[in-house]
Amino acid sequence: MGEPSSNFLTRTVEWLRAGYPSGVPRQDYVALLGLLRRKLTDDEIHRIARALAEESQRTADPIGTADIESMINDSVLQAASAEDVARVSARLAAVGWPLADPPAD
């Protein structure tokens, strides 16, 4: 993988850590992955899922890569409520995640 892509994934995981310093709560994964899917490729989403699963092993409610992958494959945003999306969006926006799509020229 090239350096720019690797750097972007690293920054993305850092944003997620800043927004969720104690780890991502299980109930936020569906909305979180749905929001990320709007900005990232499938490969990037799967790499981030692996990183989050590894990190979650240090929390009280760990989640495995297979569980996250299953969430990704099960129509991620369809299961997220509007409240879930708003909550996760607010957390990510607070640490600088670019939620708004750039204007089309």
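Heavy atoms only: backbone and side chains are in, while hydrogens, waters and symmetry mates are out. All residue numbers in this chain count up from 1 along the given sequence. As the structure is a prediction and not an experimental result, all values here were calculated from the model.
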Show me the donor-acceptor pairs, under 3.5 Å and distance only, between side chains in residues 49-56 and residues at least two apart or in other chains.
residue	atom	partner	partner atom	Å
Glu55	OE1	Arg17	NE	2.4
Glu55	OE1	Arg17	NH2	3.1
Ser56	OG	Ala53	O	3.0
Ser56	OG	Ile63	N	2.8
Ser56	OG	Ile63	O	2.9

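Within the 4.5 Å cutoff, side-chain heavy atoms of Leu92 are placed close to those of Leu32.
The number of heavy-atom neighbours closer than 6.0 Å to CD of Gln57, taken from other residues, nucleotides and ligands shown, is above 12.
The backbone N or O of Val95 sits less than 3.5 Å from a side-chain atom of Trp15, completing a donor-acceptor pair.
Distance CG/Leu16 to CD1/Ile48: 6.5 Å, rounded to 0.5 Å.
For Arg91, there are no salt bridge (Lys or Arg N to Asp or Glu O under 4.0 Å) partners, not counting sequence neighbours. Every residue was checked against the side chain to side chain contact (heavy atoms under 4.5 Å, CB included) condition with Ser22, not counting sequence neighbours, and none meets it.
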